[in-house]
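Okay, structure first, notes after.
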Amino acid sequence: QVHLVESGGGLVQDGGSLRLSCAASGQTAGGFAMGWFRQAPGKEREFVAAMSWDGLSTDYADSVKDRFTMSRDDGKSTLYLQMSNLKPDDTATYYCALGAHWDDRSRIDRYDFWGQGTQVTVSS
């Protein structure tokens with residue numbers, strides 16, 4: 001079993017920055033993709049970014065490309081999402097997830113484990 005816990009959300013002004021963290025524990029070996037998704041009120045959950053298990057590949061949604069950056073600290077078993085130049089449209093609950101299919105990294109149904117989410121609110 002895998003346990004994921006997000007943190008770092010909060011309220012920030014338009015143009016501001018936040019860094020989200022996702023602490024992983026349990027049997028994480030064998031996962032092939034770590035992903036970030038978000039869900040705004042009244043909208044479907046959407047792909048934000050993903051990193052391959054070896055850390056060599058990353059992928060970003062067009063809406064966040066050049067503003068968001070994924071990284072990880074293997075020693076702490078923690079995944080990060082650095083978010084810069086935040087916009088009100090980025091307001092959502094952000095979730096990290098672990099999946100087994102890098103080729104399907106943007107598909108929600110290909111992720112087996114999810115965190116509880118952390119709220120990000122960007123004020124205009």
Side-chain angles (χ1 to χ4, degrees):
Q1 189 68 299
V2 174
H3 191 50
L4 304 173
V5 179
E6 304 95 334
S7 62
L11 174 64
V12 64
Q13 289 188 332
D14 190 353
S17 299
L18 280 175
R19 188 178 78 161
L20 305 183
S21 300
C22 174
S25 61
Q27 299 178 354
T28 57
F32 293 101
M34 294 291 292
W36 286 98
F37 292 77
R38 67 186 181 186
Q39 187 167 18
K43 295 186 178 181
E44 294 185 351
R45 192 170 298 189
E46 64 177 4
F47 171 75
V48 173
M51 175 179 283
S52 60
W53 193 245
D54 59 13
L56 297 180
S57 300
T58 54
D59 189 22
Y60 299 91
D62 288 342
S63 59
V64 306
K65 203 168 290 184
D66 299 326
R67 299 190 298 123
F68 291 10
T69 303
M70 280 187 71
S71 63
R72 70 183 195 185
D73 183 333
D74 291 338
K76 297 181 180 179
S77 298
T78 301
L79 187 71
Y80 302 102
L81 183 67
Q82 178 67 48
M83 306 185 296
S84 303
N85 190 20
L86 283 162
K87 306 173 183 179
D89 284 349
D90 295 317
T91 295
T93 300
Y94 284 72
Y95 301 88
C96 69
L98 172 65
H101 305 275
W102 172 249
D103 288 346
D104 298 326
R105 56 194 172 273
S106 65
R107 289 179 51 177
I108 294 171
D109 62 347
R110 302 304 268 174
Y111 286 80
D112 301 307
F113 302 99
W114 293 82
Q116 84 290 348
T118 186
Q119 177 66 38
V120 172
T121 302
V122 184
S123 63
S124 57

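Computation of the quantities below employed the complete heavy-atom set of this structure, encompassing side-chain atoms and omitting hydrogens, waters and symmetry-equivalent molecules.
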Distance check, rounded to the nearest 0.5 Å: Arg72 atom CZ versus Trp53 atom CH2? 6.5 Å

Taking only residues two or more places apart in sequence, or in another chain, which ones meet Ala40 in a side-chain contact (heavy atoms from CB on, under 4.5 Å)? Lys43, Ala92

Looking at Gln116 and Glu6, would you say the former's side chain and the latter's main chain have a donor-acceptor pair under 3.5 Å? yes

For Tyr94, enumerate each residue passing the ring-ring contact (aromatic ring centres under 6.0 Å, His included) test, keeping only those at least two apart in sequence or located in another chain. none

Using the test ring-ring contact (aromatic ring centres under 6.0 Å, His included), find all partners of Tyr80 that sit at least two apart in sequence or belong to another chain. none

Applying disulfide (SG to SG under 2.5 Å), which residue pairs with at least one partner in residues 34-77 are found, sequence neighbours left out? none

Less than 6.0 Å separating the ring centroids of Phe68 and Trp36? no

For the atom pair CG (Leu79) and OG (Ser71), what is the distance rounded to the nearest 0.5 Å? 7.0 Å

Value rounded to 0.5 Å, distance of CE in Met51 from CG in Leu56: 9.5 Å

Gap between atom CD of Gln13 and atom OG of Ser124 - 0.5 Å precision: 9.5 Å

For Asp54 and Ser57, the nearest pair of non-hydrogen atoms, with its separation, is OD1-N, 4.2 Å

What's the spacing between Gln1 CD and Ser25 OG if we round to 0.5 Å? 9.5 Å

Decide side chain to side chain contact (heavy atoms under 4.5 Å, CB included) for Ile108 and Trp114; before the verdict, give the C-alpha distance in whole Å, the side-chain angles of both, and the deciding distance to 0.1 Å. CA-CA 10 Å; Ile108 294 171; Trp114 293 82; 3.6 Å; yes

Would you say the side chain of Tyr95 lies within less than 4.5 Å of the side chain of Val48, judging by non-hydrogen atoms? no

Salt bridge present between Asp109 and Arg107 (N-O < 4.0 angstrom): yes

Suppose the criterion is disulfide (SG to SG under 2.5 Å): which pairs have a residue in residues 91-124, not counting sequence neighbours? Cys22-Cys96

Nearest heavy-atom neighbours spanning Thr78 and Ala23: OG1-CA, 4.1 Å

Ser63 and Arg67: which non-hydrogen atoms are nearest, and at how many Å? O-NH2, 2.8 Å

side-chain contact (heavy atoms from CB on, under 4.5 Å) with Leu18: which residues, sequence neighbours excluded? Val12, Met83, Leu86, Val120

Any salt bridge linking Asp90 with Arg38? Criterion: basic side-chain nitrogen under 4.0 Å from a carboxylate oxygen. yes

Audit row: Tyr60, Thr69, side chain to side chain contact (heavy atoms under 4.5 Å, CB included) steps and yes/no: CA-CA 8 Å; Tyr60 299 91; Thr69 303; 3.9 Å; yes

Say you draw a straight line from CG of Leu81 to OG of Ser21; how long is it, rounded to the nearest 0.5 Å? 9.5 Å

Tell me whether Ser106 contacts the main-chain N or O of Phe47 through its side chain, where contact means a donor paired with an acceptor under 3.5 Å. no

Any idea which heavy atoms bring Leu4 and Ala24 closest together, and the distance? CD2-CB, 3.6 Å

Any donor and acceptor pair, going by atom type alone, linking the side chain of Tyr111 with main-chain N or O of Arg105 inside 3.5 Å? yes

Looking at Thr91 and Val122, would you say the former's side chain and the latter's main chain have a donor-acceptor pair under 3.5 Å? yes

